[in-house]
Peer 1: 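Before I ask anything, let me first share the structure, which is written out below as structure tokens.
For clarity, every value in this text was computed on a predicted model and none was experimentally measured. Within every chain, numbering begins at 1; the chains are lettered A, B, ... in the order of the sequence lines, protein sequences first and strands thereafter.
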Amino acid sequence: MNAELQPSTMAPHRPSRSPGAEAEASALPPARELESAVEATDFSFWYGSNQALDSISLTVPARKVTALIGPSGCGKSTFLRSINRMNDLIPGIRHEGDITLHGDSVYRNDRDVVQLRKSVGMVFQKSNPFPKSIYQNVAYGPKVNRLVRGRAEMDELVERSLRRAALWDEVKDRLDSSALGLSGGQQQRLCIARALAVSPEVILMDEPASALDPVATQKIEELIYELKHEYTILIVTHNMQQAARVSDYTAFFYMGRLIEMGRTQQLFTNPHEEQTEAYITGRFG
Amino acid sequence: MADSLSRRRRWTNRIMLTLTGVASVLILVPLTLILSYLMTAGSGAINIDFFTQLPAPVGEEGGGMVNALVGTLFLVLLAGALGLPIAVGAGIYLAEARKSPFANLVRFIADVMNGIPSIVTGIFVWAWIVLWMGRFSLLAGSVALAVMLIPMVTRTTEEMVRLVPRELREGGIALGFTRWRTTLGIVIPAARGGILTGILVALARISGETAPLLFTAFGNPFMEWRLNEPISALPLLIYQYAISPYDEWHRLAWAAALVLIALVLVISLLTRFLIKDPHRER
Ligand SMILES: Nc1ncnc2c1ncn2[C@@H]1O[C@H](COP(=O)(O)OP(=O)(O)OP(=O)(O)O)[C@@H](O)[C@H]1O
Ligand SMILES: [Mg+2]
């Protein structure tokens, strides 16, 4: 039932943290005291008559990694997709409450959704590179959104994005070959590069490594660790160890409600709520 | 117990494999029969003249079918030019709009149109266009073929666009692309191979249609390519020659049938080779 929770499947690595990272982690203030990037206030969400989120109030601190954990169907993806309004595509949806990005409501009437999605990038569970070349995959977003002028500037942006996604060295000699020829892990990093190329502030990741082997997973985790210096990252994961490894803060969702949010270390070692403890120790879920 | 069960499974497996094997051999039988018969009956009449000369008058030896070849080419190309933009556009719309009432209506109409016997299509186009223009014509023939083409390509295009994984579309939306940009820039290119296959299969289908041309293109013993003049076509010529009393014409009909089949085969092979999508390999 809960393969992710079995100790045998724990990946034995940690991201290569800089010295003092542990000290830094324990010195983290509560999320509310930090500059917030995304803030949900009493946010509820319905698919037709089915309520998926119930009064979520949550602060996502800027330039930190926040993990969303919880059993299947508890609303993690729904919450994530509410931030960049990907759920708009689904007919019959409804919400109450609000989500803000830097204090600016995501749901206000005259909000430019296209602009919103440029500032809030997204990486999906199943890597979804476009059926184009590696170069085109990264360049297509900036091209459509007219972020650069001329080939030279585009070349530079593509290289910078691929470097940031830790993919450049592996693909620099085959930029014009198809993205579908890459391995699963490379494809996922390409999707991250693609998201980075349109200069987002927040990156939403919905189980970005769940389809990858341990080595590819480690690369993604290291990448997340690097990216948080510049970007606010919100990551959904089923893998408790992964949440513990990559995130600064963790939010535990259960049946559409936010049960608890806190510093990752504190939440995993000393959760306030019984349900949280039951979940992270694998007693249910 | 377990042993007898597994033996039974093995036997079921064997029997099913044999049955499907027999079925796939049986499917080859008509094709080989048709091809070999056409080869023996038709290849004798195929020579340079066949592709370069107009039909010879009754009673004279020789002659060719260049007018019918050109006619079929023009009819199919014009039908494609008229029908494909509509069909591909409608197919994309259906895949995008999915369950909207209007989409359901369009889908229903396309399915009904797919089921209309081609002779009926021919009569309708005769009633609308031939009577209105006062003459049989290339235009009328192409319209009739386009009317057949549209529902076929609409439905295959819809299916192919729908096969594109939702994640791919979401990838575009998540980058801030508008819906139409995502569809045109990402979804359609991903479905391109399938859409092209559907188009070529439909073109091959209509290039062999006879009934819709009987009262529209009508046929013409001379070379013709003007829009408002009757025009010949391979299937029309086959029909005329086959029901004629002359042995020479019968031989030519077989030859034309062979050429027509070869044409369809070539298009099918083209489908296979053309559609090697460079971004599909893994
Ligand atoms: N498109 C949809 N239409 C209707 N209901 C949906 C839709 N997507 C999700 N739901 C429902 O909303 C609830 C929350 O789903 P969500 O996908 O957010 O869960 P999740 O926490 O991401 O689960 P998982 O860990 O399995 O991905 C579930 O009950 C689900 O059935
Ligand atoms: Mg999910």
Peer 1: Which is it for A:Y140 and B:R181 under the side-chain contact (heavy atoms from CB on, under 4.5 Å) test, yes or no, and what are the steps along the way?
Peer 2: CA-CA 11 Å; A:Y140 199 52; B:R181 165 67 78 174; 3.7 Å; yes
Peer 1: Distance from B:I173 atom CD1 to A:R85 atom CZ, nearest 0.5 Å?
Peer 2: 12.5 Å
Peer 1: Test side-chain contact (heavy atoms from CB on, under 4.5 Å) on B:E170 and A:M122 and set out the steps.
Peer 2: CA-CA 9 Å; B:E170 293 194 329; A:M122 188 158 205; over 6 Å; no
Peer 1: Just wondering, are more than 12 heavy atoms of other shown residues or ligands nearer than 6.0 Å to CG in A:D110?
Peer 2: yes
Peer 1: Within a reach of under 6.0 Å around OH of A:Y107, are more than 12 heavy atoms found that belong to other residues, nucleotides or ligands?
Peer 2: yes
Peer 1: Measure distances from A:R194 to the heavy atoms of chain B and classify the residue's part below 4.5 Å as side chain, backbone, both or neither.
Peer 2: both
Peer 1: Would you find a donor on one side and an acceptor on the other, under 3.5 Å apart, between the side chain of A:N128 and the backbone of B:P165?
Peer 2: no
Peer 1: Decide yes or no for B:V164 and A:P131: does some side-chain heavy atom of the first lie under 4.5 Å from some side-chain heavy atom of the second?
Peer 2: no
Peer 1: Tell me, side chain or backbone of A:V113 under 4.5 Å from chain B's heavy atoms, or both, or neither?
Peer 2: neither
Peer 1: Looking only at heavy atoms and a cut-off of under 4.5 Å, which of A:V120, A:N84, A:N145, A:L89 has the most pairs with chain B?
Peer 2: A:N145
Peer 1: Heavy-atom distance under 4.5 Å to chain B: side chain of A:P91, backbone, both or neither?
Peer 2: neither
Peer 1: Tell me, yes or no, whether the heavy-atom count around A:R108 atom CZ, taken from other residues, nucleotides or ligands under 6.0 Å, exceeds 12.
Peer 2: yes
Peer 1: Taking everything shown except A:R149 itself, do over 12 heavy atoms lie less than 6.0 Å from its CZ?
Peer 2: no
Peer 1: Report which part of A:F130 has an atom under 4.5 Å of a heavy atom belonging to chain B: side chain, backbone, both, or neither.
Peer 2: both
Peer 1: I'd like to know whether CD1 of B:I27 has more than 12 heavy-atom contacts from other residues, nucleotides or ligands below 6.0 angstrom.
Peer 2: no
Peer 1: Select, from A:V144, A:V198, A:L204, the one with the greatest count of heavy-atom pairs under 4.5 Å involving chain B.
Peer 2: A:V144
Peer 1: Around atom CZ of B:R162, are there more than 12 heavy atoms of other residues, nucleotides or ligands at under 6.0 Å?
Peer 2: yes
